[in-house]
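These notes concern the structure reproduced below.
As the structure is a computational prediction, the values presented were derived from the model and not from experiment.
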Amino acid sequence: DLVELDAAVVTLTCKELNNDTEEWAVRLRYAYADALDAAGRKDEAREWFAKCAELDEDEFTDAAERASK
């Protein structure tokens, strides 16, 4: 909300990004990928949208679509 895009990326960078068993991991990965995208880090964002899509079997997010952009 404060348009501090790099700060958002840093804040979301945590060991929990590697969690692939908890239900909330999809949302965390999506938020991280979205922050990367907003910060202009497009390649990294696509990578993390793809990682999110791997967990998002029920397609609650548009991560798969955003990973392919």
Side-chain angles (χ1 to χ4, degrees):
D1 290 349
L2 299 175
V3 193
E4 296 178 10
L5 305 174
D6 291 325
V9 170
V10 170
T11 299
L12 291 168
T13 303
C14 58
K15 64 180 173 146
E16 287 81 5
L17 282 170
N18 294 314
N19 184 310
D20 60 0
T21 59
E22 299 296 331
E23 186 176 308
W24 48 261
V26 171
R27 293 186 302 277
L28 178 61
R29 287 182 182 191
Y30 190 91
Y32 183 66
D34 196 45
L36 287 167
D37 189 48
R41 296 165 61 175
K42 304 299 184 188
D43 290 339
E44 291 172 274
R46 279 191 295 276
E47 176 185 340
W48 279 97
F49 280 125
K51 289 179 181 186
C52 177
E54 290 172 10
L55 298 182
D56 191 10
E57 295 173 355
D58 295 324
E59 297 181 7
F60 290 119
T61 71
D62 62 350
E65 179 182 329
R66 291 184 74 182
S68 65
K69 288 186 178 180

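The structure places CG of Asp58 at 10.5 Å from OG1 of Thr61, a figure rounded to the nearest 0.5 Å.
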### Message
Determine whether Asp34 and Trp48 satisfy the following criterion, side chain to side chain contact (heavy atoms under 4.5 Å, CB included), listing intermediate values before the conclusion.
### Response
CA-CA 9 Å; Asp34 196 45; Trp48 279 97; over 6 Å; no
### Query
Hey, mind stepping through Trp24 and Glu16 against side chain to side chain contact (heavy atoms under 4.5 Å, CB included) and telling me if it holds?
CA-CA 10 Å; Trp24 48 261; Glu16 287 81 5; 3.8 Å; yes
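Nearest heavy atoms, Lys51 versus Arg29: O-NH1, 3.0 Å. The minimum heavy-atom distance linking Cys52 with Ala63 is given by the pair SG-CB, 3.7 Å. Minimum heavy-atom separation, Ala50 to Ala67: N-CB, 3.5 Å. Of all heavy-atom pairs between Val9 and Tyr32, the closest is O-CE1, 3.7 Å.
With a 4.5 Å cut-off on side-chain heavy atoms, Arg66 and Tyr30 count as touching. Side-chain atoms of Arg27 and Phe60, non-hydrogen and from C-beta on, never get closer than 4.5 Å to each other. The shortest distance between side-chain heavy atoms of Cys14 and Leu28 falls below 4.5 Å. Side-chain contact between Asn19 and Thr21 is present, with at least one heavy-atom pair separated by less than 4.5 Å.
The hydrophobic clustering, which links ILVMFWY residues whose side-chain heavy atoms are closer than 4.5 Å, places Leu12 and Leu36 together.
Checked options Lys69, Lys42, Arg46; the residue passing with Asp37 is Lys42 (criterion: side-chain hydrogen bond (donor to acceptor under 3.5 Å, both in side chains)).
Here the side chain of Asp62 pairs no donor or acceptor atom with the backbone of Glu65 at under 3.5 angstrom.
The hydrophobic cluster containing Leu55, built from Ile/Leu/Val/Met/Phe/Trp/Tyr side-chain heavy atoms closer than 4.5 Å, also comprises Val26.
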